[in-house]
Undergrad: 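Sharing a structure here in structure tokens format.
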Amino acid sequence: MLDWLVVWGVTQAAGLIFKPILEDLAKDAAKDWAKDLLKGIPGNILEKLKKEDIEIAAGKALKEFLQLVQEDLKDGELSEDEIKKYMQPIKQFLKNQEVKEILGNAFKNDNPAIDTNKLQEIWDKINVSNPLPDDFNWKRVAKKYLQKVKEIIRGIPELRAILDSQNLEQIENNTRGFLVIPDFDLKRYQEGICERYGNLKLDSLDTSGYAYNELKLWQIFTAQNVREAHQVLPQVHELPKEHLRRLRETDQVEAEVELEELERHKRVYFEQPIRSVLDVVNKKQDYKYLVILGDPGSGKSTLLQFLALNWAESPLDNVISLPIPLLIELRTYMRRREDKECNNFLEFFHQCSGAIAHLNQLELDKQLKAGNALVMFDGLDEVFDPGKREDVITDIHRFTNDYPDVQVIVTSRIIGYKPQRLLNAEFRHFILQDLDSEQIQDFIYRWHELTFTDAVDKVRKRERLQRGIEASKSITELAGNPLLLTMMAILNRNQELPRDRAELYNQASRVLLHQWDVERVLIEDKRLDPKTIDYNALLRMMMSMCEVQQSKN
């Protein structure tokens, strides 16, 4: 006999105050409620379901509903004892036939919706003496509940047919709405990738007029190393020891314990083996869902572009057997979604401006279901609005549920990244490492071989750059960042490198600001002196400037 509390996930839901309600429902005599909750499922699908499947789906749904109600009450700063006072009212509430039908609407396949006004009305009617707090939000609970039910449906093969049929019908309707239906033309898609990402876009970083048109990304790309981060921490490699010392001096014991915990996570992180990021990506069976984290300019976007180009440069007859790289720049995707051009990732590739090339979403759906794709979501941190970023994460999570055989990579900056939701979705997290000395020297050699034609000048400038980097410890450290190393190589063409990092930032930022002045007629603000700005703030600001300039080309 099934242990319903285990199957429904109740035993794993630590701190679920309303657990006794589900314990009552788990009793044999109380099973009829499950059928009421799934009334909205089409009859032809409902007939295929076993009684056990119905009870599993209904129990999981109610468990999620109770958990969400509890979370909303807790967010209203109610204590556990205050929340427990709602135990009996909620039990009575769930016995109401109309409430069951409203919650059951989440299982329908025709634009399910939860009538939150009706739920409020029913609660007020049957619980006159137990009103919910003023800040309790039925709409917030209902929105999250609908998402949870979709995940439940995905987990039961028979119920999955509901969403599959709904998605296919929506795709067909959308496809009929266009006068020109895009083909699934992989050759044209290859050409689009090469055109978009093939050449390095350095015009905005070098205002001297030198042409880098023939410099290809795959010629200069260096596969960086990564470490796995089981506990993702902002700047895990730069734990503030000075801050810890000040806390000890002021007897802030609690904060000190917290920082010592960070130290422990730091030790665990540095115990992780260093490996090539390409080795990790190529082991799909071990690393199906990945988050690649890194500082500004560390090469996150370049990595994804390289993976796409590696496929695009393969002969078409070989490409048929290789996963199709679908690279989605999230800032572009969100703009298109806000402009109502698309509702999901497939529609983005089917019809949106900004897509590399349009791919028929019916055929794309088949390829994704077959697992014949590598899907890459670039720049989660570039979705600046926290609410919209949560929506994107929900879309990504839903995508992995819809297409469980597809490898997925997400990139983000470390600062501000919140890992929990993607950790819950079984994403493994890796942090890009700085280029090591061998990688730096390899880059310098290839850069000068590819960008200089005069043999004597090439050797002279290459040796000058090597000396400039080796002469200063601070400049050596900065050279580990791929974008800063590129800036050094560009500056070195016309001058010797500065000896300290503040002056390097000063000169590099002037190059970028000069370009912005020309384009935007900006007036220099004398108050901004790179030598007086905090090092990390200056790094983030200058890397952002570099990335903005590159994205414009």
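Computed from a predicted structure; not experimentally measured. Only this structure's heavy atoms are used, side chains among them; waters, hydrogens and symmetry mates stay out.
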Undergrad: Any idea which heavy atoms bring Ala355 and Phe349 closest together, and the distance?
TA: CB-CA, 4.3 Å
Undergrad: Should Asp442 and Arg446 count as an ion pair when the cut-off is N to O under 4.0 Å?
TA: yes
Undergrad: Does the Gln147 side chain pair with the main chain of Lys144, one donor and one acceptor, at a distance under 3.5 Å?
TA: no
Undergrad: Any salt bridge linking Asp395 with Arg398? Criterion: basic side-chain nitrogen under 4.0 Å from a carboxylate oxygen.
TA: yes
Undergrad: Of all the heavy-atom pairs spanning Leu368 and Tyr403, show the shortest one and how long it is.
TA: CB-CD2, 3.4 Å
Undergrad: Would you find a donor on one side and an acceptor on the other, under 3.5 Å apart, between the side chain of Thr332 and the backbone of Ile328?
TA: no
Undergrad: Counting only N and O atoms by type, is there a donor-acceptor contact under 3.5 Å from the side chain of Arg336 to the main-chain atoms of Cys342?
TA: no
Undergrad: Test Phe377 against every option in Tyr333, Phe348, Phe345, Phe427 by the ring pair (Phe, Tyr, Trp, His ring centres under 6.0 Å) rule and name the one that passes.
TA: Phe345
Undergrad: Please give me the minimum heavy-atom distance between Ala223 and Gln439, naming the atom from each residue.
TA: O-NE2, 3.2 Å
Undergrad: Give a yes or no answer on whether the side chain of Thr302 reaches the backbone of Gly299 with a donor-acceptor pair at less than 3.5 Å.
TA: no
Undergrad: Answer yes or no: is there an ion pair linking Lys288 with Glu426, defined by an N-O contact shorter than 4.0 Å?
TA: no
Undergrad: As a test of understanding, state which of Tyr189, Tyr197, Phe306, Trp218 forms a ring pair (Phe, Tyr, Trp, His ring centres under 6.0 Å) with Trp311.
TA: Tyr189
Undergrad: Which pair of heavy atoms, one from Ile356 and one from Ile193, lies closest together, and at what distance?
TA: CG2-N, 3.5 Å
